[in-house]
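Sharing a structure below in structure tokens format, with a few things to ask.
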Amino acid sequence: MRLYNTNIKNFDWIAVVLYSLLLIVGWTNLYAANFDPEIPVFFDTDKEYFKQLVWIGLSVVLIWLISLTDSKFFVEFAYIIFGFSLFLLLFVLFFGKEVNGAKAWLEIGPVRLQPAEITKFAVSLSVARAMSRFGFSFTKRFHVGKLLLIILIPILLIFLQNDTGSALVYFVFVFVFYREGLNPVIMVIGFITAVVTILTLLFSTITIVIILGACLVLFLLANKHANTLIKSVIIALIVFASLYLIKQYFNSSLSYIKIAFFTIASVTVFLIYQGFKLRAKSLFLGVGVLWLALSFSLTADYFFNNILSDYQLTRVQVLFGIKEDPLGAGYNVNQSKIAIGSGGVIGKGFLQGTQTKGNFVPEQSTDFIFCTVGEEWGFIGTSVVVLLFVLLLLRLIVLSERQHSDFSRIYGYSVIFIIFFHFVINIGMTIGLAPVIGIPLPLFSYGGSSLWGFTLLLFTFLKLDTNRAELIR
Amino acid sequence: MDAINNRSILIRGLIVLIGIIFLIKLYSIQVRDSSYKFSAESNTQRVVIQYPSRGLIFDRQGKLLVSNQAVYDIMVVPREIEPFDTIDFAFALGITVDELKWYFDEMHRNLKKNKISSYRPSVFIKQVSSLQYGILQEKLYKFKGFFVQRRTLRMYEYPNAAHIFGYINEVSEKMIKNDSYYVQGDYAGITGIEETYETILRGKKGAKVVLVDVHGREKGAFRNGRYDTAAVVGQNITLTLDIELQQYGEKLMCNKIGSIVAIEPATGEILALVSSPAYNPSLLIGRVRSDNYQKLSEDSLKPLFNRPLQALYPPGSTFKLLNALIGLQEGVISEQFEVSCFMGYHGGGWSVGCHSHKSPLKLAPSIQHSCNAYYTVVFRKILDNPEYSSIKEAFDKWKTYLVDFGLGYKLGVDFSNENRGFVPNSAYYNKVYNNVWNSVTVRSLGIGQGELLLTPLQMANMCAAIGNRGFYYTPHILKDVNNKKEYVPKQYKTKHDTGIDTTYFNPVIEGMELAIWGTDGGTARVAQIKDISICGKTGTAENPHGEDHSIFIAFAPKYNPKIAIAVYVENAGFGSTYAAPIASLLVERYLKGGVNPNRKYLEERMYNANLLNVTPKRD
Ligand SMILES: [Zn+2]
């Protein structure tokens with residue numbers, strides 16, 4: 001071990017200050033959420049805020065241990081750590097303890113740990129290691145396959161634990177790949193797939209056809225094919241009108257689905273013809289995307305209606321906020337918005353909150369801790385917290401970009417997007433902008449596993465940053 | 001590299017964009033939109049639990065036994081209380097100002113002890129009557145922080161059968177832990193069928209989310225009741241009980257300690273289950289419950305003790321029936337088997353006392369005259385049977401017959417507090433007599449005395465099995481749920497075989513008939529009923545603490561019996577004095593719908609007999 005690198009002072013002080021501020025503000029709010037105005041005991045060792053203080057103390061020890069570790073360790077042991085975290089995931093799957101329906105917890109005496117929090121760290125290291133190898137390319141099937149395995153295996157195991165929220169985090173690695181040169185078209189296709197899937201849950205196939213038609217119109221306009229567009233619309237109208245008349249007067253068995261299909265088919269033929277005639281590749285692309293999305297929508301529709309059980313479908317729908325479970329998600333978000341909204345500009349003051357204490361807000365010290373900030377510190381408080389997170393993320397981007405080695409940079413971006421995902425989903429959920437997915441707000445929510453997980457993620461990166469001038473591989 | 005750097009900038013842009021979106025949204029809900037502030041001030045929504053009515057209970061004739069009455073809990077959210085006119089509030093509640101003050105002090109005590117929250121509703125005054133609620137309702141808006149929650153209490157149509165129904169009380173910590181359905185303040189059946197069929201009777205709680213204004217008044221459903229769940233009323237149940245028979249039994253047992261169990265032999269349905277002294281079930285509902293419970297539990301006569309299921313007595317002479325059957329089945333005797341007895345019997349080094357009767361006796365007359373000598377000999381023959389290698393083996397074989405008759409273990413009746421009784425096995429005597437014992441040592445088991453202990457329910461079931469000539473159905477009191485038989489647990493539809501051949505029952509039943517109808521003397525001639533071929537057997541359970549207990553078991557009619565009954569009257573002496581007449585009157589009432597006028601004197605004698613203050617026997 002290279003002992004000259006153990007000095008904690010080498011950590012990027014801006015990031016450390018932001019981390020500390022978030023931790024202090026977070027704990028203060030946890031104290032308030034736990035504080036019982038009926039028995040105003042100043043300090044109660046039975047309360048969550050005390051336990052969290054112990055975890056914070058242990059985090060300092062963790063930081064010190066990270067500072068002692070050689071940066072190369074993280075590269076060399078990436079896969080071993082990954083393997084170990086998979087083992088833990090499998091272990092809890094069989095022997096874990098079930099909390100709130102998710103079998104994701106490991107109970108060791110009085111301490112309850114969630115291995116999924118360590119998995120984020122392990123996956124980030126492994127992704128960084130896999131992508132920093134010499135000659136890595138997104139065009140090589142073997143490399144992509146390896147990356148997909150690193151990400152999909154933990155997702156699968158965490159899904160099996162019934163902890164959907166934690167599993168979704170891993171999709172943010174797409175953004176890391178984007179930063180490292182993944183073709184944005186793939187991201188766009190992925191994005192369209194996701195949107196169409198959700199649309200399928202929300203609307204009928206006919207509606208999606210209309211939405212896609214509108215998209216096509218926009219696409220043609222954007223590519224200056226106004227002429228083609230007008231012709232297409234005319235063709236579509238003629239085909240549709242004649243088929244409609246046939247249905248009305250001759251053959252009543254012709255369904256609207258078939259009419260729509262023939263209409264789309266004739267427009268397609270026309271667009272392909274125009275594509276050849278005008279030598280415009282973009283027309284082929286537009287038609288291709290239209291048909292892909294349409295067939296995907298039909299497949300997804302079939303999947304949701306015929307393959308998933310009602311129970312599974314409901315869960316998917318609740319997850320995306322499409323279906324509110326009675327007294328569940330919808331009720332919670334409303335209570336959460338009332339708590340935050342009641343804070344006004346300057347808030348009700350420290351320990352003066354009422355909504356976040358009367359158990360009106362659910363999970364008030366874990367998933368909905370941001371409500372306490374909103375109620376007691378008002379718009380000023382919430383802005384400060386949002387700002388602190390944004391500053392921390394921006395600072396981490398600056399740090400990532402200054403890394404000499406690919407490994408450190410890729411790992412840095414993994415950390416950034418994991419924190420970003422938690423920030424977006426958690427705060428978004430409390431103010432009604434994101435679906436209710438039970439994931440913690442980093443450094444705020446009560447829970448040792450989560451605090452340790454984020455500390456480990458962040459300080460490993462800060463440690464790597466101390467060796468930014470060297471090539472770590 | 002440029003393209004990549006662009007991406008880094010794009011990512012920064014995305015983060016800043018999300019931050020701005022959050023700030024705009026936060027600005028809109030925290031600063032611009034004041035409706036949230038108003039919502040919070042008025043405490044917005046309140047979840048009002050909708051308590052369902054419990055299922056009704058009917059008897060076998062369809063008579064309503066148990067229904068519900070509405071009461072109202074006055075709820076309080078302490079934080080919302082504002083100064084009000086105490087005299088007015090006390091009047092509205094129908095209490096004095098001092099009493100109201102006591103309730104407030106109690107609330108403050110609970111707040112201090114952290115038992116209730118000042119933010120969440122808790123009960124201020126329990127179970128205000130609907131009459132009082134009418135007065136209160138109009139004034140409630142003046143008292144901020146208070147609201148009313150409707151609950152239901154039981155209402156009993158008859159002052160009888162309290163032990164069968166059991167009572168309802170607030171759920172304990174343990175129950176909340178074991179069943180997530182319950183929360184603190186819920187009620188549940190604690191004993192009796194209210195406990196056994198709790199999940200059927202309780203229904204399902206609902207929840208109504210209501211909007212409440214700053215004055216604590218309900219302003220209607222939250223989001224048109226989208227989050228409301230309707231309460232589901234509990235299911236009705238019908239009991240196998242005949243409430244008139246039960247009532248009659250309780251009346252006959254008035255001022256006596258003891259039990260009556262009546263069963264329909266063909267089905268195992270319990271017709272009556274009397275525990276005396278009885279009490280009125282209405283004593284244990286509502287606000288008077290705890291005081292009355294205290295009184296009942298301190299009563300020296302133990303009225304809360306469910307005697308037919310829990311009291312243990314030796315079976316006495318009634319047990320001779322079983323020894324006769326076992327002897328016949330084991331082939332150690334036949335119905336022609338004779339024993340001579342002159343006021344008792346003297347063996348080598350031992351003797352057994354008996355009373356005066358003709359001698360020698362065959363099997364049927366031995367039951368008619370309840371000869372002690374006969375059954376001491378029969379029991380010894382069972383234990384000394386050369387078929388078995390040792391007395392221990394023979395004894396344990398004897399025990400298995402008893403177990404097959406439902407003795408020594410819980411029968412599985414639908415009450416949780418059933419006692420299993422006690423049937424010793426050979427290991428027990430090995431321990432007691434240090435391995436040195438023989439059929440003489442344990443001879444008193446032959447005449448139903450000694451270590452053997454049975455509950456009245458087990459006795460009645462044994463009698464039903466004899467009446468059925470070899471089988472029984474587990475006694476039970478649930479007839480159907482919502483008029484559907486399917487809910488009746490399977491174990492109550494399973495036939496249990498006693499392991500005794502049908503033909504062996506004939507001489508035994510003949511003996512039981514002679515005990516009542518025998519022209520040359522019988523032990524229970526008082527039990528005769530005109531036109532009904534009742535068969536029975538008296539017994540006396542030795543009581544070391546006082547006068548012996550009077551026992552009588554019977555079934556009627558002789559063929560295809562419709563009722564089997566066991567009556568225990570404590571400290572009443574011979575079985576023929578009290579237990580036999582009571583059993584006979586109940587059988588007559590059940591089978592004929594009333595009692596023959598020329599037996600009214602007997603009925604009167606039973607009503608008036610007071611055996612509570614019998615002077616203890618001196619040893
Ligand atoms: Zn005799």
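In what follows, chains carry the letters A, B, and so on, assigned in the order in which the sequence lines appear, proteins first and then strands, with residues in each chain numbered from 1.
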Residue part contacting chain B, namely of A:Phe423, when any heavy atom lies under 4.5 Å: both

More than 12 heavy atoms from other groups under 6.0 Å of CD1 on A:Ile14: yes

Over 12 non-hydrogen atoms of neighbours within 6.0 angstrom of CD1 in A:Ile346: no

Test side-chain contact (heavy atoms from CB on, under 4.5 Å) applied to B:Tyr27 and A:Ser383, step by step: CA-CA 9 Å; B:Tyr27 179 81; A:Ser383 311; over 6 Å; no

Nearest-0.5 Å distance that lies between atom OG1 in A:Thr430 and atom CG in B:Leu26: 7.5 Å

Spatial distance of atom CZ (A:Phe420) from atom CD1 (B:Ile11) [nearest 0.5 Å]: 9.5 Å

Greatest number of heavy atom pairs closer than 4.5 Å to chain B - which of A:Val390, A:Leu393, A:Ile431: A:Ile431

Pair B:Arg12-A:Val398, side-chain contact (heavy atoms from CB on, under 4.5 Å): steps then yes or no: CA-CA 10 Å; B:Arg12 283 170 228 221; A:Val398 170; 3.9 Å; yes

Rounded distance (nearest 0.5 Å) linking atom CZ of A:Phe175 with atom CG of B:Leu14: 6.0 Å

Segment of A:Leu394 engaging chain B (4.5 angstrom heavy-atom cut-off): side chain

Shortest non-hydrogen separation from B:Ser8 to A:Arg179 and the atoms involved: CB-NE, 4.2 Å

Pairwise distance CD1(B:Ile21) to CD1(A:Ile427) - rounded to 0.5 angstrom: 13.0 Å

Segment of A:Val424 engaging chain B (4.5 angstrom heavy-atom cut-off): both

Side chain, backbone, both or neither of B:Ile15 within contact of chain A (heavy atoms, under 4.5 Å): both

Separation of B:Lys25 NZ from A:Thr382 OG1 (nearest 0.5 Å): 13.0 Å

